[in-house]
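Accompanying notes for the structure given below.
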Amino acid sequence: MKPAMETAAEETTEQSQDKKGCFECCIKCLGGVPYASLLATILCFCGVALFCGCGHVALTGTVTILEQHFSSNPEDHALLTEVIQLMQYVIYGVASFFFLYGIILLAEGFYTTSAVKELHSEFKTTACGRCISGMFVFLTYILGVAWLGVFGFSAIPLFMFYNMWSSCEVIKGLPTNLTTTIDQICVDVRQYGIIPWNALPGRACGPALENICNSNEFYMSFHLFIVTCAGAGATVISLIHFLMILSSNWAYLKDASKMQAYQDIKAKEEQELQDIQSRSKEQLNSYT
């Protein structure tokens, strides 16, 4: 009975050690996750997805409103239609590029975090690795500046739709304010330069403007442009976050390379000292 009890106790101890080893392994793996890069990647994906998806649908609704209410001649808005179609194709490219770029930056965060150095004792920095990190810092800075311009550009159609929405709110408040007639409230899209001045009708007043405000295209496009602008802002924030992370990682790699060079010099000096000591001992032995 006693050997059987000892065997059971040994199996229990081995199982507890295995569980402890798995737990420690999980803790180390979770410690190796670059949570800052992961958060920035998720924010970047969400921002780009909102900007591209909502912007594509909002542009289509804008063309529909323009054709039905502001420009009866297709030649007047032919150039604008081509520009919008080109922007929609660009949206496809932007979505694909940032999906790939976000994954690359997340991978770069995995391989430059200090936790990875603890997991892999043979981790060493190279001049190529530092150059790649510096390149990512520069490219992310350029993309951040570009997205600031995109964020400002996405506010232009939002401003136009907001003006139309404000005019519609004025029309709804006319029963309590009789100093202005409904026909005096107009929205002229020609002043924004999206269609020529000779385009007809070019503007909407009174009941026509109210019908535009009550249409599904206007309601959907207005709110989609709000989400589009918010998506562009989220992308800018994610790129700024990425820029801070990449700068920190680059500084870490630079310090790691200096530490590596110091350790190599120290190891070389210790080896030379050991060689000197061994030669001196051999000379003393030869004298004695």
Side-chain angles (χ1 to χ4, degrees), residues 33-67 77-113 132-162 192 194 216-250:
V33 176
Y35 293 101
S37 297
L38 183 62
L39 177 63
T41 303
I42 294 174
L43 183 61
C44 181
F45 284 170
C46 293
V48 173
L50 290 176
F51 175 81
C52 294
C54 297
H56 187 279
V57 179
L59 289 174
T60 303
T62 302
V63 174
T64 302
I65 295 173
L66 192 66
E67 292 177 346
H77 58 270
L79 179 60
L80 178 63
T81 303
E82 293 178 359
V83 171
I84 289 178
Q85 290 178 353
L86 180 61
M87 292 175 59
Q88 290 176 337
Y89 286 121
V90 170
I91 283 175
Y92 298 143
V94 168
S96 302
F97 172 78
F98 271 90
F99 177 77
L100 179 62
Y101 190 68
I103 292 177
I104 293 174
L105 291 183
L106 181 61
E108 199 270 346
F110 269 103
Y111 284 105
T112 54
T113 182
I132 291 175
S133 296
M135 182 192 68
F136 280 134
V137 172
F138 176 75
L139 183 58
T140 304
Y141 176 80
I142 296 300
L143 291 174
V145 173
W147 269 96
L148 279 175
V150 173
F151 176 69
F153 180 77
S154 64
I156 295 176
L158 180 60
F159 173 74
M160 295 168 55
F161 274 84
Y162 176 77
Y192 300 112
I194 58 177
N216 293 328
E217 290 83 5
F218 175 83
Y219 181 83
M220 183 66 67
S221 298
F222 180 44
H223 289 84
L224 287 178
F225 274 124
I226 295 175
V227 179
T228 301
C229 191
T235 306
V236 172
I237 294 174
S238 68
L239 290 175
I240 294 174
H241 197 175
F242 268 130
L243 186 61
M244 293 188 294
I245 295 168
L246 292 170
S247 300
S248 175
N249 290 340
W250 184 81

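- Annotation: side-chain hydrogen bond (donor to acceptor under 3.5 Å, both in side chains) contacts involving residues 140-154, sequence neighbours excluded, comprise Y101-T140.
- Atoms CG and CD1, from L79 and I194 in turn, are 11.5 Å apart once rounded to the nearest 0.5 Å.
- Partners of Y92 according to the side chain to side chain donor-acceptor pair (under 3.5 Å) rule, which considers only residues two or more places apart in sequence or in another chain, are H56.
- By the 6.0 Å contact criterion, CE on M160 is enclosed, its count of non-hydrogen atoms from other residues, nucleotides or ligands being greater than 12.
- One distance of note links SG of C229 with CD1 of I156; it measures 10.5 Å at 0.5 Å rounding.
- Partners of F99 by ring-ring contact (aromatic ring centres under 6.0 Å, His included), not counting sequence neighbours, listed by chain and number: F45.
- The shortest non-hydrogen separation linking I104 to F136 is CG2-CZ, 3.3 Å.
- Partners of F138 under the ring-ring contact (aromatic ring centres under 6.0 Å, His included) rule, at least two apart in sequence or in another chain, do not exist in this structure.
- Listed by chain and number, the residues in a side chain to side chain donor-acceptor pair (under 3.5 Å) with Q88 are T60 (sequence neighbours excluded).
- Counting heavy atoms from C-beta on, the side chains of N216 and M220 never come closer than 4.5 Å.
- In this structure T64 satisfies the side chain to side chain donor-acceptor pair (under 3.5 Å) test with no other residue, sequence neighbours excluded.
- Residues G233 and F151 come closest through the heavy atom pair N-CD1, 3.5 Å.
- A distance of 11.0 Å separates CG of L59 from CG of L86, quoted to the nearest 0.5 Å.
- Take L148 and apply the side-chain contact (heavy atoms from CB on, under 4.5 Å) test, not counting sequence neighbours, and it matches V236.
- Within the structure, side-chain hydrogen bond (donor to acceptor under 3.5 Å, both in side chains) contacts touching residues 217-244 (residues at least two apart or in different chains) do not occur.
- For F225, the ring-ring contact (aromatic ring centres under 6.0 Å, His included) test picks out F161, with sequence neighbours left out.
- To the nearest 0.5 Å, the span separating CD on Q85 from CG on L80 amounts to 10.0 Å.
- The two residues C54 and V227 make their nearest non-hydrogen contact at SG-CG1, 3.5 Å.
- Heavy-atom neighbours of F153 CZ from other residues, nucleotides or ligands within 6.0 Å: at or below the threshold of 12.
- For I237, the side-chain contact (heavy atoms from CB on, under 4.5 Å) partners at least two apart in sequence or on another chain are L43.
- The heavy-atom pair separating I245 from S37 by the smallest distance is CG2-OG, 3.4 Å.
- The two atoms that bring I91 and C52 nearest to each other are CG2-CB, 3.3 Å, heavy atoms only.
- In this structure F159 satisfies the ring-ring contact (aromatic ring centres under 6.0 Å, His included) test with no other residue, sequence neighbours excluded.
- Atom CG of L239 sits about 9.5 Å away from atom CG of L139, to the nearest 0.5 Å.
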